[in-house]
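Written below as structure tokens is the structure these notes are about.
Reminder, nothing fancy here: chain letters follow the sequence lines and each chain counts from 1.
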There are 2 protein chains.
Amino acid sequence: MKISDVAKRTGLDAKTIRYYESIDLVDSPPRRENGYREYTEQGIQQLGFLRKARKFGFSINECRALLALWANPNRRSAEVHGLVTEKVRDIDVHILELKSMKKMLSDLLAQCPGDDSPSCAIISKLAAE
Amino acid sequence: MKISDVAKRTGLDAKTIRYYESIDLVDSPPRRENGYREYTEQGIQQLGFLRKARKFGFSINECRALLALWANPNRRSAEVHGLVTEKVRDIDVHILELKSMKKMLSDLLAQCPGDDSPSCAIISKLAAE
DNA sequence: CTTGACCTTATACTTACTATAAGGTTTACA
DNA sequence: TGTAAACCTTATAGTAAGTATAAGGTCAAG
């Protein structure tokens, strides 16, 4: 299977697939005589796994760990559990930060007339000592 | 005032201040005879403004626009209002994405034993077709 | 037989810094 | 007076996770 077909099937961009190969996140697939990459089911599965893991918010390095755990039949599910628990905590922190930013901005919005006048609580707040 | 003092006063790192100057986000301050940057109140105010705008989540380019609006006595507060409204929308989208990720991960966590066994709903989900 | 859609590589760009190297200056202290 | 720490300077490279571009080779259709 050629790279563009793999791209279609996995939902990844062909460039992204080459990029993952370049950083050794996935194995290099064999090549045809003309140099084109020829993917096996194995490689396609890996890329599909990556697609999903990335969508779940895991970083490339976390994906590396997850791929290794996936490949290891002696893995302890506790390890996966730990990794994911930490990721959920990260997400929580991130959400709280965003909520705080949103609240501050919304409060300021309510005080800014939003008309043709130059006076604006937002600018004032940013300029405040 | 020297750069490290400005850093202390604004809460920005000295390197960040030099970086902001290198991308023309702020005016280059005058120099002493020895080549050291000598900041005026003007420059310090700008940097303080940037610090706050960045903490509110504005990108460097949005900060550029905000700085211009701040400097413009004929600004229309509607412009600031629009910029901030859009930012709040961005934040909302981001929060929703994170919440969705969190929910999916939490659901999977509940199904993963988290013990010494290799079977794990998380890995299975990622590997699923 | 040529046009367009693929494929290849290498390189640069993106965001917003952060780190490093290699050197010059100033300040504190013995 | 010497020297060592703590500044300051610049230029360059690295980070995350791709995306874009250039320059070229290959393949299928009309």
Please work out which residues in residues 7-20 of chain A have a non-hydrogen atom less than 4.0 Å from an atom of DNA chain D and list them by number. K15(A), T16(A), Y19(A), Y20(A)
When rounded to the nearest 0.5 Å, the distance separating CG of D92(A) from NZ of K102(B) is 3.5 Å
Has S100(B) got a side-chain atom pairing as donor or acceptor with L96(B)'s backbone, closer than 3.5 angstrom? no
Value for CG (L12(B)) from CZ (R18(B)), rounded to nearest 0.5 Å, stands at 12.5 Å
What contact category does I3(B) fall into here, base, sugar-phosphate, or nothing, at under 4.0 angstrom with non-hydrogen atoms? sugar-phosphate
DNA chain C contacts made by residues 24-52 of chain A, counting heavy atoms under 4.0 Å: R31(A), G35(A), Y36(A), R37(A)
Taking heavy atoms of chain B and a 4.0 Å limit, find me the 5'-most and 3'-most nucleotide of DNA chain C within that range. dA16(C) to dT26(C)
Mind calculating the distance between CG (D5(B)) and C1' (dC7(D)) to the nearest angstrom? 11 Å
Verify the contact: side-chain N or O of S4(B) to OP1 or OP2 of dC8(D), cut-off strictly under 4.0 Å; return yes or no. yes
Taking it one step at a time, do L126(B) and W70(A) satisfy side-chain contact (heavy atoms from CB on, under 4.5 Å)? CA-CA 9 Å; L126(B) 291 171; W70(A) 181 35; over 6 Å; no
May I ask whether L47(B) and Y36(B) are part of the same hydrophobic cluster, defined by side-chain heavy atoms of I, L, V, M, F, W, Y residues being less than 4.5 angstrom apart, directly or through others? no
Please answer whether the main-chain N or O of G48(A) pairs with a side-chain N or O of R9(A) as donor and acceptor at a distance below 3.5 Å. no
Sidechain-backbone polar pair: K87(B) side chain, G57(B) backbone, donor-acceptor under 3.5 Å: yes
Look up atom OG1 in T10(B) and atom CD in Q45(B), then write down how far apart they are to the nearest 0.5 Å. 11.0 Å
Please report the interatomic distance OG(S59(B)) to CZ(R54(B)), rounded to the nearest 0.5 Å. 7.0 Å
Would you say the side-chain atoms of R75(A) pair up with the backbone N or O of L69(A), donor to acceptor, closer than 3.5 Å? yes
